[in-house]
Amino acid sequence: PLPGVVRRVAAAPGDRVEAGALLVVLEAMKTEHRVTAPHGGLVAELLVAEGQEVQAGATLAVLDRPEARDG
């Protein structure tokens, strides 16, 4: 919810992740914030890189739910 700087990218496009898996670590107001997967799926896109400044509300990653494509 805060603007910050990407300190670590922990996933890559094509990775299969479970709900709660670490995707990105942001630093905002001198505190690290872990951004985790809201659901399991495949990392379709990572829209940030380490060192990049991001604004509040920015999309950092896109996850595909495999079951959503099957039905």
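Residue indices begin at 1 and follow the sequence shown.
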Nearest heavy-atom neighbours spanning [X] and [Y]:
X	Y	result
Val43	Ala11	CG2-CB, 4.2 Å
Gly40	Arg65	O-CG, 4.1 Å
Ala44	Pro13	O-CB, 4.1 Å
Gly14	Leu42	O-CD1, 3.1 Å
Glu50	Arg8	OE2-CA, 3.7 Å
Pro38	Leu63	CD-CD1, 3.8 Å

> In the hydrophobic clustering that connects Ile, Leu, Val, Met, Phe, Trp and Tyr at side-chain heavy-atom distances below 4.5 Å, which members other than Val62 occupy its cluster, ordered by chain and number?
Replying inline: Leu47
>> Checking one residue: Val25. Which other hydrophobic residues are in its cluster under the side-chain 4.5 Å linking rule?
In response: Leu22
> What distance do Asp64 atom CG and His39 atom NE2 have between them, rounded to the nearest 0.5 Å?
Replying inline: 8.5 Å
> What do the steps show when you test Thr36 against Leu23 for side chain to side chain contact (heavy atoms under 4.5 Å, CB included), and what is the final call?
Replying inline: CA-CA 5 Å; Thr36 59; Leu23 300 174; 5.8 Å; no
> Just wondering, do Val24 and Val54 contact through their side chains at under 4.5 Å, heavy atoms?
Replying inline: no
>> Within the 4.5 Å heavy-atom criterion, are Leu26 and Val6 side-chain neighbours or not?
In response: yes
